[in-house]
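A short worksheet on the structure shown next.
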Amino acid sequence: VEKDSMRMKALGIETESASYTTSDPESLVLSFYKAKLGPNATSTERNGKTMLSLAENAGGAKGGERIIVKPSADDSGLIEITITHTVKTP
C-alpha cells in the first residue's frame, strides 16, 4: 500500500521517493529487493532498519537506488519500505 511519494529537482540532482507498507515478512521484502538490485548492492543494518544501496556507476557520481526497510513505528506489524531513486541531471 503506497503511503506517500515525492519528486524533487534541485542543483542538478533529481530525486524520486515513495513509501509503502506491506504485511509481508521483513526477510521476504529484503530478499526481493536484494535480488532486484543485484550482486553489486550493499546492505547496512542500523537502529532496527536495513538500507540497501546501489550506485549506478563507480563512486555513485550519476545516482543510484536506496531502499530502506523497517518495522512500522505504530506497532501494526506492517513493514515500511522507502524507495529512493537519485540521478544527476545535466
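By convention here, the first residue in the shown sequence is residue 1.
Nearest heavy-atom pair across Ser72 and Glu80 is OG-OE2, 3.3 Å. When every heavy atom of Thr82 is checked against every heavy atom of Ser19, the shortest pair comes out as OG1-OG, 3.3 Å. Between Leu54 and Ala41, the shortest heavy-atom distance links the atoms CD1-N, 3.8 Å. When all heavy atoms are compared, the tightest approach of Gly48 to Pro71 is O-CD, 3.3 Å. Shown here for Pro25 and Ile79, the closest heavy-atom pair between the two residues is C-CG1, 4.5 Å.
By the neighbour-count criterion of 12 heavy atoms within 6.0 Å, atom CE of Met6 is densely surrounded, having more than that number from other residues, nucleotides or ligands.
The distance from the CG atom of Leu52 to the CZ atom of Phe32 is 11.5 Å, given to the nearest 0.5 Å. Remark: Glu16 CD to Ile83 CD1 distance equals 11.5 Å, nearest 0.5 Å. Atom CD1 in Ile68 sits 6.0 Å away from atom CE in Met51 (nearest 0.5 Å). How far OH of Tyr20 is from CG of Leu78: 15.5 Å, rounded to the nearest 0.5 Å.
Each of Glu65, Arg7, Glu14 was scored for a side chain to side chain donor-acceptor pair (under 3.5 Å) with His85, with one residue passing: Glu65.
For residues 23-41, every residue pair satisfying the side chain to side chain donor-acceptor pair (under 3.5 Å) rule, not counting sequence neighbours, is listed here: Thr22-Asp24.
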